[in-house]
Amino acid sequence: MHIGQSYVFNYRVTEADTCALTATDHIKVLSTPQIVALMEHSARELLQPALEEGEALMVQTTILSVISPVSLGAELLIEASFQGVLHGLYETDISISDLAGVVARAQLVLSPGNIKDYYQAALTRQRGI
């Protein structure tokens with residue numbers, strides 16, 4: 001994996017992606033949780049080739065800026081770009097754009113780890129241990 005390598009995909013905003021499902025005012029614009037989900041998906045797709053068998057990625061840090069609302073039906077372009085590895089953590093820059101330009105940007109830092117270890121940590125926490 002080299003710095004600047006990217007993963008790009010297109011996405012159309014659907015009813016299920018809007019604030020209408022999460023807000024009391026039923027605003028039909030792209031919800032912030034869905035923006036984060038699209039960004040996490042793009043980062044994982046970008047970094048997947050760098051992982052070893054049985055490894056997964058966990059988001060450690062997200063710095064998000066939402067610049068503009070996005071309407072139902074909008075066509076989006078999501079791009080994740082690899083920025084490097086620092087102390088074993090993968091750094092990515094992500095943007096979401098529509099026809100008018102960038103609507104959200106983020107920096108995601110992800111840590112690779114063993115899938116079984118992640119599940120075990122979650123179960124241990126659930127039990128309050």
Side-chain angles (χ1 to χ4, degrees):
M1 176 146 306
H2 62 276
I3 292 175
Q5 186 172 334
S6 64
Y7 172 80
V8 179
F9 73 102
N10 295 301
Y11 190 84
R12 180 186 295 270
V13 178
T14 68
E15 182 89 25
D17 300 320
T18 68
C19 294
L21 297 177
T22 59
T24 57
D25 49 12
H26 305 291
I27 300 171
K28 292 190 179 184
V29 296
L30 182 63
S31 71
T32 303
Q34 187 60 12
I35 289 171
V36 172
L38 289 168
M39 289 179 164
E40 285 189 18
H41 169 78
S42 64
R44 284 187 169 91
E45 289 295 318
L46 169 67
L47 299 172
Q48 191 64 38
L51 298 180
E52 308 233 349
E53 181 76 28
E55 278 191 321
L57 292 163
M58 180 175 282
V59 176
Q60 297 295 309
T61 307
T62 303
I63 300 171
L64 173 66
S65 296
V66 178
I67 299 161
S68 177
V70 177
S71 65
L72 178 64
E75 289 285 338
L76 302 177
L77 179 73
I78 297 98
E79 181 174 7
S81 175
F82 179 64
Q83 299 303 304
V85 178
L86 183 62
H87 304 294
L89 301 174
Y90 294 95
E91 297 182 351
T92 63
D93 283 345
I94 301 162
S95 66
I96 298 179
S97 302
D98 64 8
L99 293 175
V102 175
V103 296
R105 294 182 193 274
Q107 294 175 320
L108 269 64
V109 176
L110 301 97
S111 64
N114 184 286
I115 294 170
K116 291 178 184 176
D117 292 342
Y118 284 141
Y119 285 130
Q120 187 59 48
L123 289 173
T124 300
R125 182 170 178 85
Q126 182 181 1
R127 291 186 209 120
I129 300 172

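Distance OG1/Thr61 to CD/Glu91: 9.0 Å, rounded to 0.5 Å. To the nearest 0.5 Å, atom OG of residue Ser6 and atom CD of residue Glu79 are 4.5 Å apart. Separating the CD atom in Gln107 from the CD1 atom in Ile63 is a distance of 5.0 Å, to the nearest 0.5 Å. Annotation: the span from Glu75 atom CD to Tyr11 atom OH amounts to 11.0 Å, rounded to 0.5 Å. Taken to the nearest 0.5 Å, the OG1 atom of Thr62 stands 12.5 Å off from the CD1 atom of Ile35. In this structure, CG on Leu72 lies 10.0 Å from CG on Leu30, to the nearest 0.5 angstrom.
Following chains of ILVMFWY side-chain contacts shorter than 4.5 Å, one cannot reach Leu77 starting from Val66, and the two form parts of different hydrophobic clusters. Hydrophobic cluster membership differs between Val109 and Val36, with clusters built from Ile, Leu, Val, Met, Phe, Trp and Tyr side chains linked at under 4.5 angstrom. Hydrophobic clustering (ILVMFWY, side-chain heavy atoms < 4.5 Å, transitive): Val85 and Ile3 are in one cluster.
Side-chain contact between Ile67 and Arg105 is present, with heavy atoms from C-beta onward closer than 4.5 Å. Residues Val70 and Leu76 meet the side-chain proximity criterion, which asks for heavy atoms closer than 4.5 Å. Taking 4.5 Å as the limit, some side-chain heavy atom of Val103 sits within range of a side-chain heavy atom of Ser68.
The aromatic rings of Phe9 and Tyr7 are tilted relative to each other, their planes meeting at an angle between 30° and 60°.
In this structure, Gln5 contributes its side chain and His2 its backbone to a donor-acceptor pair below 3.5 Å. Between the side chain of Asp17 and the backbone N or O of Thr14 there is at least one donor-acceptor pair closer than 3.5 Å. Asp117 contributes no side-chain N or O that, together with a main-chain N or O of Gln120, makes up a donor-acceptor pair within less than 3.5 Å. With hydrogens and angles ignored, the 3.5 Å screen pairs no side-chain donor or acceptor of Gln48 with any backbone N or O of Glu45. In terms of modelled atom types and a separation under 3.5 Å, the side chain of Thr92 and the main chain of Leu108 share a donor-acceptor contact. Counting only distance, with no hydrogens or angles, the side chain of Arg44 and the backbone of Leu57 share a donor-acceptor pair below 3.5 Å.
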Task: Val8/Ile78 under side-chain contact (heavy atoms from CB on, under 4.5 Å): CA gap, chis, key distance, verdict - done: CA-CA 6 Å; Val8 179; Ile78 297 98; over 6 Å; no
- [ ] Report the C-alpha separation of Leu89 and Leu110 in whole Å, then their side-chain angles, then the decisive distance to 0.1 Å, and conclude whether the side-chain contact (heavy atoms from CB on, under 4.5 Å) test is met.
- [x] CA-CA 6 Å; Leu89 301 174; Leu110 301 97; over 6 Å; no
Open item on the list: Would Thr124 and Gln126 count as a side chain to side chain donor-acceptor pair (under 3.5 Å) here? Give the steps.
Closed with: CA-CA 5 Å; Thr124 300; Gln126 182 181 1; over 6 Å; no
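For Ser71 against Val13, the heavy-atom pair with the smallest separation is O-CB, 3.7 Å. Of all the heavy atoms in Leu51 and Pro112, the pair that sits closest is CD2-CB, 3.8 Å. Taking all atoms of both residues into account, the shortest heavy-atom contact from Ala50 to Met1 is CB-CE, 4.4 Å. Across all non-hydrogen atoms, the minimal contact from Ile94 to Met39 is CD1-O, 3.3 Å.
Donor-acceptor pairing under 3.5 Å is recorded for the side chains of Ser111 and Gln60. Using modelled atom types, one finds a donor on one side chain and an acceptor on the other under 3.5 Å when comparing Gln83 with Ser81.
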